[in-house]
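Note that the structure is predicted; figures quoted are calculated from it, not measured.
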Amino acid sequence: MGRYILRRLLQMIPVFIGTTLIIFLAVYALPGDPVKALFGDKAADPATVARLKHQYGLDKSLIEQYWMYLSNLFKGDLGTSFSQREVSDILGDAIPVTIQLALVAFVLEAVFGIALGMLTGLKRGKIVDQIVLVLTLLVISIPIFVIGYLAQVYIGTKWGIVNPTVTDSNDITQLILPGIVLGSVSLAYVSRLTRTSVVENIRSDYIRTAIAKGLPRRRVVGVHLMRNSLIPVVTFLGTDLGALMGGAIVTEGIFNVKGVGNTLYKAITGADGPLVVGTVTFLVVVYLVASLLVDLLYAVLDPRIRYA
C-alpha cells in the first residue's frame, strides 16, 4: 500500500505540471493586454503600463512567466491579483465557504442518493422504483440554474422558509438551500447509478452463495451487496467532489455565495489572470487528491482488490 501511494504521488507531479501549464497558457496566450484592460476606457500611461507589466512578469515570454509562477508556487506564493491583493488571501476567504457548501451538497447526494439507490434496487420494478426513476430523470433534465431559481422564488420568497439570498457566506445554515440545489443533480445520478449497480450485483453468484449459507438478509445486503455495489458510486462521488468545489459558479451566483465559484467567475469576467490561474490550480489539486482517495477506498470496499 505504501509503495502504491508513493507511486501515485509521483504520478501526480507530471499531471499537475501539465494541467497547470495548459491552464497558464490558455489564460495568458489570449489576445489583448490585461494591463491596459485595467484602465477601462481611460488612456493608459505608458510608463505605468510598463511598470505593471514588469511587476506581474508580463514583459517576459510565456515559458519564463510559467517557470516564475511554478517556482513561486512551490514556495507557497500564488501571486498577486490585479486588485493588488494576494491570491492566497482571496482564496483563503473563499475556500472555507465553498468547502461548507460542497459539504452540504456532498452529504446530501451521498446519503440520500445511496439510500434511494439501494431502496429502488432492492424494490426493482415496484411502484417506489418507478416513482424514484421518474423523479430523478426529471431532476437530471432540468438545468441547475432553473432549479436554483425555483428554489429561490418558492422556498425563499413565497414560502419564506429561508432567506432567498445568502447574507453571510460563513453561516452554514444559510448554505443549506444552495447546497441542496448544488447537490440535487448529483443526487439523482448517484441514486440511478447505485440502483443499476445493486440490480447487477444482486444476481451475482456470491450473493446466491451468501443466501444459500443462511446468512441474515441484513448481512447479505449491508456487507456483501452494498460494499460491492458502491465501487462505481465511490468513483463518481470522488470526481464529483472536485466538480462541487469548482462547479458551483452558477449556484453561488444565484444565491450570492462568496465562494470559489463566485471568485473564479469574477476573475474571468475581470480578466484577472493571476487569480484565474491560482483558483484553477487549487481545483486541480482537489481533483488529484480526490482521485487518490477514491483509489484507496476501492480496497476498503472490495477485499479482493490489493495494491502491489
Side-chain angles (χ1 to χ4, degrees), residues 19-20 23-24 26-28 30 34 37-38 40 56 73 78-109 142-157 162-187 239-290:
T19 51
T20 53
I23 294 164
F24 192 91
V27 171
Y28 287 102
L30 293 175
L38 294 174
Y56 290 102
L73 182 62
L78 290 173
T80 305
S81 166
F82 286 157
S83 63
Q84 300 301 313
R85 284 190 65 192
E86 294 292 328
V87 174
S88 57
D89 292 339
I90 298 175
L91 291 180
D93 295 336
I95 289 174
V97 175
T98 298
I99 288 177
Q100 293 183 80
L101 179 64
L103 182 62
V104 172
F106 188 80
V107 170
L108 174 75
E109 67 179 81
I142 301 177
I144 191 67
F145 62 86
V146 175
I147 298 176
Y149 174 75
L150 293 175
Q152 190 178 46
V153 170
Y154 286 95
I155 300 178
T157 303
V162 295
N163 291 330
T165 57
V166 176
T167 56
D168 183 5
S169 297
N170 293 310
D171 184 2
I172 193 171
T173 59
Q174 296 190 31
L175 299 178
I176 293 178
L177 181 59
I180 292 174
V181 172
L182 179 61
S184 58
V185 176
S186 295
L187 184 152
T239 55
D240 193 53
L241 181 60
L244 291 176
M245 291 294 296
I249 296 178
V250 176
T251 306
E252 290 186 358
I254 293 174
F255 291 96
N256 192 36
V257 179
K258 308 299 184 182
V260 174
N262 206 330
T263 299
L264 182 60
Y265 173 76
K266 292 180 179 179
I268 293 173
T269 54
D272 195 335
L275 185 54
V276 172
V277 174
T279 304
V280 178
T281 298
F282 163 74
L283 297 177
V284 168
V285 173
V286 171
Y287 271 105
L288 292 175
V289 173

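With hydrogens and angles left out, the side-chain atoms of D240 and S186 include a donor and acceptor closer than 3.5 Å.
Residues P274 and V27 have side chains not in contact (no heavy-atom distance under 4.5 Å, counting atoms from C-beta outward). Between I142 and L150, the closest side-chain pair of non-hydrogen atoms is not below 4.5 Å.
Partners of I180 by side-chain contact (heavy atoms from CB on, under 4.5 Å), not counting sequence neighbours, listed by chain and number: L108, I176. Residues satisfying the salt bridge (charged side-chain N to carboxylate O under 4.0 Å, His left out) criterion with D89, sequence neighbours excluded, are absent altogether.
Atom CZ of F282 and atom CG of L78 lie 10.5 Å apart (nearest 0.5 Å). To the nearest 0.5 Å, atom OG of residue S83 and atom CG of residue L275 are 7.0 Å apart. Between atom CG of residue L244 and atom OG1 of residue T98 there is a gap of 10.5 Å, rounded to the nearest 0.5 Å. Rounded to the nearest 0.5 Å, atoms CZ (F255) and CG (L175) are 10.5 Å apart. Here I268 contributes atom CD1 and L264 contributes atom CG; the two are 4.0 Å apart, rounded to the nearest 0.5 Å. A distance of 10.5 Å separates OG1 of T165 from CG of L177, quoted to the nearest 0.5 Å.
Among residue pairs with one or both ends in residues 262-282, those qualifying as side-chain hydrogen bond (donor to acceptor under 3.5 Å, both in side chains) are Y69-T281, S81-D272; sequence neighbours excluded.
Judged by distance alone, the side chain of Q174 and the main-chain N or O of T167 form a donor-acceptor pair under 3.5 Å. The main-chain N or O of N170 is found under 3.5 Å from a side-chain atom of D168 such that the two form a donor-acceptor pair.
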* Verdict with reasoning, E252 to V97, per side chain to side chain contact (heavy atoms under 4.5 Å, CB included) -> CA-CA 10 Å; E252 290 186 358; V97 175; 5.5 Å; no
* To do: Before giving the answer on side chain to side chain contact (heavy atoms under 4.5 Å, CB included), spell out for V257 and T251 the whole-Å C-alpha distance, their side-chain angles and the decisive distance to 0.1 Å.
  => CA-CA 8 Å; V257 179; T251 306; over 6 Å; no
* To do: Let me see the working for I254 and F145 under side chain to side chain contact (heavy atoms under 4.5 Å, CB included), right down to the final yes or no.
  => CA-CA 8 Å; I254 293 174; F145 62 86; 4.1 Å; yes
* **Full working for side chain to side chain contact (heavy atoms under 4.5 Å, CB included) between K258 and N256** => CA-CA 6 Å; K258 308 299 184 182; N256 192 36; 3.0 Å; yes
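Nearest heavy-atom pair, G261 versus I249, reported as atom, atom and distance to 0.1 Å: O-CG1, 3.5 Å. When all heavy atoms of I144 and S184 are compared, the pair lying nearest together is CD1-OG, 4.0 Å.
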